[in-house]
Engineer: 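I'd like to ask you about the structure that follows.
Counting starts at 1 for both ligands and their atoms, following the listed order. Fair warning: this is a prediction, and the values are worked out from it, not measured in the lab. FYI, the numbering just counts along the sequence from 1.
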Amino acid sequence: MRRLVAETTLTPNDFILPLFVREGIDEPVPIASLPGVDQHSRASLVDAVADAVAVGVNAVVLFGVPLEKDERGSGAWDPAGIVQLALADLRDRFGDEIVLMGDLCVDEYTSHGHCGVLNDRGEVDNDPTIELYQQIAIAQATAGADVVAPSGMMDGQVAAIRSALDGDGFTDVSILAYAAKYASSMYGPFRDAVDVTIADGGDRKGYQQDFRNSREALEEVHLDIIEGADMVMVKPATLYLDVVSQVRAETRLPVAAYHVSGEYAMLKAAAANGWIDGDLATIETLTAIKRAGADMTLTYLATDASRLLNS
Ligand code: PBG
């Protein structure tokens, strides 16, 4: 009876698995603050995706860890950059079986760790940055991405990326906009995963959202939709379920939520100590995100949760 009247049913189709691929390694490197998550080599990445596909996950989003970083983050749009190579590997191996997404940003590739180029006052310069984002979009689309996911929170980024993609004939590459992305304490383990330290003790409050605000998030979502986003994302997820539900009410587009590294790490740490039941917490957490209104969840739990759902 409970199954019959359940309002929310989780399936592996709800998940997008974020994966890290690192240049210049032959074996996967575990990430201490993200237990169970690795920086992958090109080969181990393909294996990780095969494991995910085997349990029903059909979408992945890639983050790159380059060997060299520079002021502008040029590895992000280099045709031989690690994410471009990895996208091509996955497209070759899995064909149309999976949805391939590229996180579109420069922070993994810049020496200062910011999501854009800096002006002479050391602040992120919006307009030159979105020109770089256009180049990344083309590079990822050329390498085989179905979806580009701009995460840098620059103003006008979605419109700029849409026009660059269309101009190069990539009219059917979609944009998943990180629309309401908060300047959050929950990204700590991710920055270990991509070897990013923001220079001079800096933060992203100049371009990400203030956690005290939710109207502002709706405005950001609205702008991204007008600019041509195909799907909009709220990030993080569990601390912002109110925002997920407000965004759901605001748009008919698909809504995504990102269960981020810190949210994952807290769950895993408590489970490892035996303080909570990890499997139960996994399903409850992901169900709550869906119940709040997310059509899809980016989660490091994707493969494990799918295994649980199938068993
Ligand atoms: C930026 C980006 C970040 C995350 C995804 N894209 C980090 C940041 O904004 O500092 C965080 C994801 C996570 O914590 O799991 N390219």
Engineer: Should Asp107 and Arg204 count as an ion pair when the cut-off is N to O under 4.0 Å?
Structural biologist: yes
Engineer: When you measure from atom 12 (C) of ligand 1 to every protein heavy atom, which one gives the shortest distance, and what is it?
Structural biologist: Phe190 CD1, 3.3 Å
Engineer: Under a 4.0 angstrom heavy-atom cut-off, which atoms of ligand 1 come close to Glu108?
Structural biologist: 16 (N)
Engineer: Under a 4.0 Å heavy-atom limit, does Ser261 contact ligand 1 with its side chain, its backbone, both, or neither?
Structural biologist: both
Engineer: Backbone or side chain, does any N or O of Tyr187 fall under 3.5 Å from an N or O of ligand 1?
Structural biologist: no
Engineer: For atom 4 (C) of ligand 1, what is the nearest protein heavy atom, given as residue, atom name and distance?
Structural biologist: Lys235 NZ, 2.6 Å
Engineer: To the closest 0.5 Å, what do you measure between NE2 (His259) and CG (Leu239)?
Structural biologist: 9.0 Å
Engineer: Kindly confirm or rule out a cation-pi arrangement of Lys181 over Tyr258, judged by NZ or CZ under 6.0 Å from the six-membered ring centre and within 45° of its axis?
Structural biologist: no
Engineer: Regarding Asp89 and Arg93, does a basic nitrogen lie under 4.0 Å from an acidic carboxylate oxygen?
Structural biologist: no
Engineer: Among all protein non-hydrogen atoms, which one is nearest to atom 16 (N) of ligand 1, and what is the separation to 0.1 Å?
Structural biologist: Asp107 OD1, 2.7 Å
Engineer: Taking all non-hydrogen atoms of both residues, which atom of Arg307 and which atom of Val55 are closest, and how far apart?
Structural biologist: CG-CG1, 3.9 Å
Engineer: Distance to 0.1 Å, residue and atom name: give those for the protein heavy atom nearest to atom 15 (O) of ligand 1.
Structural biologist: Tyr300 OH, 2.6 Å
Engineer: Using heavy atoms and a threshold below 4.0 Å, how should the contact between Tyr264 and ligand 1 be classified: side chain, backbone, both, or neither?
Structural biologist: neither
Engineer: Could you walk me through whether Gln140 and Gln84 pass the side-chain contact (heavy atoms from CB on, under 4.5 Å) check?
Structural biologist: CA-CA 6 Å; Gln140 293 184 346; Gln84 278 66 258; 3.4 Å; yes
Engineer: Is a side-chain donor or acceptor of Asp304 paired with a backbone partner of Leu301 at a separation under 3.5 angstrom?
Structural biologist: no
Engineer: To which protein heavy atom is atom 10 (O) of ligand 1 closest, and what is the distance rounded to 0.1 Å?
Structural biologist: Arg191 NH2, 2.6 Å
Engineer: With heavy atoms under 4.0 Å as the rule, classify the contact between Val196 and ligand 1 as side chain, backbone, both or neither.
Structural biologist: neither
Engineer: Can you tell me which portion of Val260 lies within the under-4.0 Å heavy-atom range of ligand 1? Options are side chain, backbone, both, or neither.
Structural biologist: both
Engineer: In terms of atom number and element, which parts of ligand 1 are under 4.0 angstrom from non-hydrogen atoms of Asp103?
Structural biologist: 6 (N), 16 (N)
Engineer: With the threshold set at 4.0 Å, does a side-chain nitrogen-carboxylate oxygen contact exist between Asp146 and Arg91?
Structural biologist: yes
Engineer: Run the numbers for me: atoms of ligand 1, each under 4.0 Å from some heavy atom of Lys181, listed by number.
Structural biologist: 1 (C), 2 (C), 3 (C), 6 (N), 8 (C), 9 (O)
Engineer: In this structure, are over 12 heavy atoms from other groups packed under 6.0 Å from Phe94 atom CZ?
Structural biologist: yes
Engineer: Among all protein heavy atoms, pick out the one at the shortest distance from atom 8 (C) of ligand 1; state its residue, atom name and that distance to 0.1 Å.
Structural biologist: Arg204 NE, 3.3 Å
